[in-house]
Amino acid sequence: MKQPTRILIADDHPRSRNGLQALLATSPEVTVIGEAADGQEAVQLVAEMHPDVVLMDIQMPVMDGLQATQQIKGHWPEVKVIALTMYGATRAKAVAAGVDAFLIKGCPAEELLGVILPPSQH
């Protein structure tokens, strides 16, 4: 059996992180290995934990999700970064920063898992 996809959640709102954690806990194909409250912490945790996927909020303190994405993709291009934001207008900037996918917070669980998991796993 294939190992679960390892996920890091980066969001400055604890409620958002908790909600994503609860949602992802319903899928045996994924496991949340860590949480970051800002972009700088996300970059540090990617270096330490080597997740398969980062769910990245765009607007965060210290370092925003766009800067964090650029650093992550620059050092670890194999890590999939999925922008998860309330602001659809940031799509072009997120794509330019190197995100692999762009979703609006509150999207259906199936849509989120469909982007996280490789096609063979869902």
Side-chain angles (χ1 to χ4, degrees):
M1 186 170 135
K2 188 178 178 333
Q3 293 293 318
T5 299
R6 301 168 72 241
I7 298 175
L8 173 69
I9 299 171
D11 195 302
D12 59 324
H13 293 98
R15 185 176 293 163
S16 292
R17 292 193 308 269
N18 292 341
L20 283 168
Q21 176 86 261
L23 175 75
L24 295 170
T26 65
S27 174
E29 293 94 6
V30 300
T31 185
V32 175
I33 61 167
E35 296 181 8
D38 61 62
Q40 184 175 335
E41 187 179 11
V43 173
Q44 290 170 333
L45 289 176
V46 168
E48 294 170 17
M49 303 176 131
H50 306 287
D52 301 309
V53 175
V54 178
L55 295 180
M56 183 75 74
D57 187 19
I58 299 295
Q59 295 194 340
M60 293 186 287
V62 184
M63 178 190 296
D64 69 25
L66 299 176
Q67 292 172 301
T69 296
Q70 288 173 324
Q71 288 192 23
I72 290 166
K73 290 306 230 175
H75 288 78
W76 306 279
E78 72 282 2
V79 174
K80 186 176 195 176
V81 178
I82 300 169
L84 196 57
T85 183
M86 296 293 293
Y87 307 99
T90 59
R91 178 185 299 269
K93 288 180 182 176
V95 170
V99 299
D100 295 285
F102 184 94
L103 296 173
I104 300 297
K105 285 183 180 178
C107 67
E110 304 79 41
E111 184 178 359
L112 178 61
L113 287 170
V115 172
I116 291 171
L117 297 172
S120 62
Q121 276 190 265
H122 61 89

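- Contact between K73 and V79 at its shortest, heavy atoms only, is NZ-O, 2.7 Å.
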| Please walk me through it: do F102 and L84 pass side-chain contact (heavy atoms from CB on, under 4.5 Å)? | CA-CA 6 Å; F102 184 94; L84 196 57; over 6 Å; no
| From CA spacing to verdict: side-chain contact (heavy atoms from CB on, under 4.5 Å), L24, L113 | CA-CA 8 Å; L24 295 170; L113 287 170; 4.0 Å; yes
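- L66 and V95 are assigned to two separate hydrophobic clusters, defined by single-linkage of ILVMFWY side chains at heavy-atom distances under 4.5 Å.
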Let me check something: any side-chain donor-acceptor pairs from residues 39-62 under 3.5 Å, sequence neighbours excluded? List them with distances.
from, atom 1, to, atom 2, distance (Å)
E41, OE1, A37, N, 2.7
H50, NE2, A47, O, 3.1
D52, OD2, R6, N, 2.7

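- Between the CG atom of L20 and the NE2 atom of H13 there is a distance of 12.5 Å, given to the nearest 0.5 Å.
- Shown here are the side-chain hydrogen bond (donor to acceptor under 3.5 Å, both in side chains) partners of S27, two or more places apart in sequence or in another chain: E29.
- Other residues, nucleotides and ligands place no more than 12 heavy atoms under 6.0 Å from the NZ atom of K93.
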| message | Set out, in order, the CA-CA distance, both residues' side-chain angles and the distance that settles side-chain contact (heavy atoms from CB on, under 4.5 Å) for I33 and I7, then state yes or no. | response | CA-CA 6 Å; I33 61 167; I7 298 175; 6.0 Å; no
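- Put simply, the side chain of D12 never gets that close to the backbone of D38: no donor and acceptor are under 3.5 Å apart.
- Listed for the K80 side chain is a donor-acceptor partner under 3.5 Å among the backbone atoms of V115.
- Taken from CD1 in I116 to CD in E111, the straight-line distance is 11.0 Å, to the nearest 0.5 Å.
- If you chain together hydrophobic residues whose side chains sit under 4.5 Å apart, V81 and L103 never meet in one group.
- L23 and L8 fall into different hydrophobic clusters, where Ile, Leu, Val, Met, Phe, Trp and Tyr side chains are chained together by heavy-atom contacts under 4.5 Å.
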